[in-house]
Amino acid sequence: QAKSAGRNTARFFDPVMQAAAATHAAMAQEIKAGIERNEFVLHYQVQIDARGHCTGAEALVRWNHRVRGLVSPEQFIPLAEETGTILPLGYWVLDSACQQLAAWSRNPATAHWTLAVNVSAAQLAQSGFVDSVKKALLHSQAPATQLKLELTESMLANDMESIITKMMDIKALGVNFSLDDFGTGYSSLSYLKRLPLSQLKIDKSFVRDVLTDPSDAVIARTVVALGHSLGLTVIAEGVETPEQRDALAAMQCDAFQGYFFGRPVPPEALMADRAIQLPSP
Ligand code: C2E
Ligand code: MG
Ligand code: MG
Ligand code: MG
């Protein structure tokens with residue numbers, strides 16, 4: 001316990017703050033206070049289809065900290081997961097993302113866009129998760145069929161039956177599921193077949209060297225074939241160059257996301273980048 005708190009301290013705090021020896025509990029408290037102060041923001045990264053058209057975006061949370069500036073999720077999501085604050089934070093993300101999706105759905109230029117939202121294991125394990133998805137959809141009036149929840153393989157390892165039941169209940173609302181960071185976990189292929197997924201997302205670690213490392217190219221090609229054989233679409237994350245995009249497109253990858261197409265940005269910047277007129281307020 002002390003050891004893991006120490007590790008998180010190192011991950012989250014700069015050396016000066018570390019010297020102050022903040023505790024695990026204090027950091028959890030700070031995340032809660034951050035939610036109350038409205039310090040968390042969502043940035044959006046576009047997703048692009050094979051024809052080069054934008055089909056929507058992924059929401060990625062950042063912490064606009066009053067002292068530390070914009071903090072990356074890598075620095076607080078693991079901590080939030082370990083302390084349970086991922087539950088209120090996760091709900092804030094879901095609710096805010098649904099409000100953004102609802103706004104897009106009211107603009108003819110973006111009405112067809114989908115929005116992918118990352119979900120943590122602890123959120124999915126929660127008994128009220130299905131209800132929280134319903135509540136966020138109802139509250140925002142966002143189109144359920146354009147909401148996509150991103151899960152990772154590792155969170156599907158335990159309690160498979162109850163996870164499948166929850167996924168089915170959410171799928172029944174029209175919501176889709178994408179399996180994030182695919183290839184980095186240990187998915188059993190028989191389980192994969194039973195999950196109500198719509199999409200596999202090739203992890204960026206395979207995309208990075210897809211042109212130079214033949215084994216990464218084989219993995220990417222295999223994930224595309226596997227996804228298609230299960231009736232799923234396949235998206236690649238971490239696409240940074242046109243050459244990577246072309247190589248993945250030649251493998252029949254359906255969609256792409258990465259710095260080549262756009263960094264995660266605030267929603268207004270996303271609209272400006274794509275030259276989309278916002279309705280006047
Ligand atoms: P992820 O869901 O796999 O998101 C992809 C990460 O890769 C994002 O990092 C994104 O900014 C980054 N990325 C996008 N394009 C490129 C590229 O071309 N090259 C490279 N090198 N990286 C690229 P980010 O925003 O720092 O998020 C990191 C992770 O934090 C996410 O990985 C996700 O696991 C987690 N996360 C982010 N937002 C949320 C959230 O709202 N809830 C939960 N539970 N987790 C979140
Ligand atoms: Mg993701
Ligand atoms: Mg990912
Ligand atoms: Mg990732």
Side-chain angles (χ1 to χ4, degrees), residues 11-12 31 34-35 39-48 56-64 70-101 114-126 129 132-133 136 147-155 176-185 187 197-211 216 220 223 234-245 247-248 255-267 269-270:
R11 195 158 40 195
F12 184 64
I31 292 177
I35 300 171
E39 291 179 346
F40 290 91
V41 292
L42 292 180
H43 283 189
Y44 296 87
Q45 185 178 37
V46 289
Q47 298 186 328
I48 304 290
E58 176 178 3
L60 293 154
V61 70
R62 276 96 180 85
W63 188 354
N64 203 347
L70 209 60
V71 183
S72 138
E74 275 162 1
Q75 291 181 269
F76 61 85
I77 291 287
L79 182 79
E81 286 173 342
E82 283 173 56
T83 57
T85 43
I86 192 66
L87 300 180
L89 181 59
Y91 187 74
W92 179 87
V93 167
L94 190 62
D95 192 59
S96 309
C98 283
Q99 288 179 45
Q100 184 58 254
L101 179 59
T114 59
L115 181 55
V117 177
N118 293 284
V119 172
S120 285
Q123 283 177 272
L124 189 60
Q126 216 186 354
F129 185 64
S132 72
V133 174
L147 177 64
K148 189 158 67 173
L149 298 181
E150 291 197 359
L151 311 180
T152 58
E153 288 165 88
S154 55
M155 61 201 271
N176 290 298
F177 287 97
S178 181
L179 200 51
D180 203 357
D181 303 341
F182 190 73
T184 61
S187 288
L197 296 169
S198 302
Q199 186 178 65
L200 297 181
K201 193 176 222 187
I202 304 175
D203 189 64
K204 58 178 181 288
S205 62
F206 306 114
V207 170
R208 192 185 54 218
D209 299 323
V210 73
L211 296 165
D216 285 344
V223 173
V234 179
I235 185 168
E237 68 172 9
V239 179
E240 296 184 356
T241 69
E243 292 79 14
Q244 289 170 339
R245 190 265 323 264
L248 290 156
F256 315 93
Q257 188 182 339
Y259 298 162
F260 173 62
F261 302 99
R263 300 217 164 223
V265 290
L270 190 69

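Here the structure is a predicted model, which is why all the values come from computation and not from measurement. Every number for a ligand or one of its atoms is a count from 1 in the order of the listing. Below, all heavy atoms of this structure are taken into account, side chains as well, without hydrogens, waters or symmetry copies.
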J.: Does T241 reach the main-chain N or O of Q244 with its side chain, forming a donor-acceptor pair under 3.5 Å?
T.: yes
J.: For N64, give me all partners under side chain to side chain donor-acceptor pair (under 3.5 Å), at least two apart in sequence or on another chain.
T.: none
J.: Heavy atoms only: which of Q123, E81, E237 lies closest to atom 5 (C) of ligand 1?
T.: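 Looking at heavy atoms only, the winner is E237.
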J.: Check side chain to side chain donor-acceptor pair (under 3.5 Å) between Q100 and all other residues, then give those that pass, not counting sequence neighbours.
T.: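 If we apply the side chain to side chain donor-acceptor pair (under 3.5 Å) test to Q100, skipping adjacent residues, the hits are W104.
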J.: Under 4.0 Å from ligand 1, counting heavy atoms only, is it the side chain of D180, its backbone, both or neither?
T.: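 Only the side chain of D180 comes within reach of ligand 1.
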J.: Closer than 2.8 Å to the Mg ion (ligand 2), do we get an N, O or S atom from D181, backbone or side chain?
T.: no
J.: Using a 4.0 Å heavy-atom cut-off, which part of D181 comes near ligand 1: side chain, backbone, both, or neither?
T.: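 Answer for D181: side chain.
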J.: When you measure from the side chain of E237 to the backbone N and O of K204, does any donor-acceptor pair fall under 3.5 Å?
T.: yes
J.: Below a 4.0 angstrom heavy-atom separation, can you tell me which part of Q45, side chain or backbone, both or neither, approaches ligand 1?
T.: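 Answer for Q45: side chain.
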J.: Heavy-atom distances under 4.0 Å decide this one: backbone, side chain, both or neither, for S120 against ligand 1?
T.: both
J.: Do Q257 and Q47 meet the criterion of a side-chain donor-acceptor pair at a distance under 3.5 Å?
T.: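 A pair is found: one side chain offers a donor N or O, the other an acceptor, under 3.5 Å apart.
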J.: Using 2.8 Å as a strict upper limit, say whether an N, O or S atom of E237 approaches the Mg ion (ligand 2) that closely.
T.: no
J.: Which of the listed options, L60, V61, T241, V117, holds the heavy atom that is closest to atom 8 (C) of ligand 1?
T.: L60
J.: At the 4.0 Å heavy-atom cut-off, does G90 count as touching ligand 1?
T.: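 G90: no contact with ligand 1 (<4.0 Å).
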J.: What is the name of the N/O/S atom in E150 that sits closest to the Mg ion (ligand 2)?
T.: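 The Mg ion (ligand 2) is closest to the E150 atom OE1, counting only N, O or S.
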J.: Looking at side-chain heavy atoms only, is the closest gap between E150 and D181 below 4.5 Å?
T.: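 No. Closest side-chain heavy atoms not under 4.5 Å.
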J.: Tell me whether N118 has at least one N, O or S atom under 2.8 Å from the Mg ion (ligand 2).
T.: yes
J.: Taking the Mg ion (ligand 2) as the vertex, what is the angle from OD2 of D180 to OE2 of E58, given to 10 degrees?
T.: 180°
J.: Could you walk me through whether I77 and V61 pass side chain to side chain contact (heavy atoms under 4.5 Å, CB included), step by step?
T.: CA-CA 9 Å; I77 291 287; V61 70; 4.0 Å; yes
J.: Looking at ligand 1, is there an atom of it that comes within less than 4.0 Å of some heavy atom belonging to R62?
T.: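 The answer is yes: ligand 1 sits under 4.0 Å from a heavy atom of R62.
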J.: Take every heavy atom of E58, measure it against each atom of ligand 1, and state whether any distance is under 4.0 Å.
T.: yes
J.: Given Y259, F256, F260, which one has a non-hydrogen atom that is nearest to atom 16 (C) of ligand 1?
T.: Y259
J.: I want to check something: taking the side chain as every heavy atom from C-beta on, are V41 and L70 in contact at a cut-off of under 4.5 Å?
T.: yes
J.: Check each of K204, Q244, R208 against atom 6 (C) of ligand 1 and report the one with the nearest heavy atom.
T.: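 Looking at heavy atoms only, K204 sits closest to atom 6 (C) of ligand 1.
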J.: Scan L60, L101, V93 and name whichever one has a side chain to side chain contact (heavy atoms under 4.5 Å, CB included) with V117.
T.: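 Result for side chain to side chain contact (heavy atoms under 4.5 Å, CB included) with V117: V93.
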J.: At less than 4.0 angstrom from any non-hydrogen atom of E240, what atoms of ligand 1 do you find?
T.: 17 (C), 18 (O), 19 (N), 20 (C), 21 (N)
J.: For a 4.5 angstrom cut-off between non-hydrogen side-chain atoms, does V234 reach L248?
T.: no
J.: Look up atom CD1 in I31 and atom CD in E39, then write down how far apart they are to the nearest 0.5 Å.
T.: 11.0 Å
J.: Residue-level breakdown please: for V93 versus ligand 1, do any non-hydrogen atoms fall below 4.0 Å on the side chain, on the backbone, on both, or on neither?
T.: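 It is the side chain that touches ligand 1; the backbone stays farther off.
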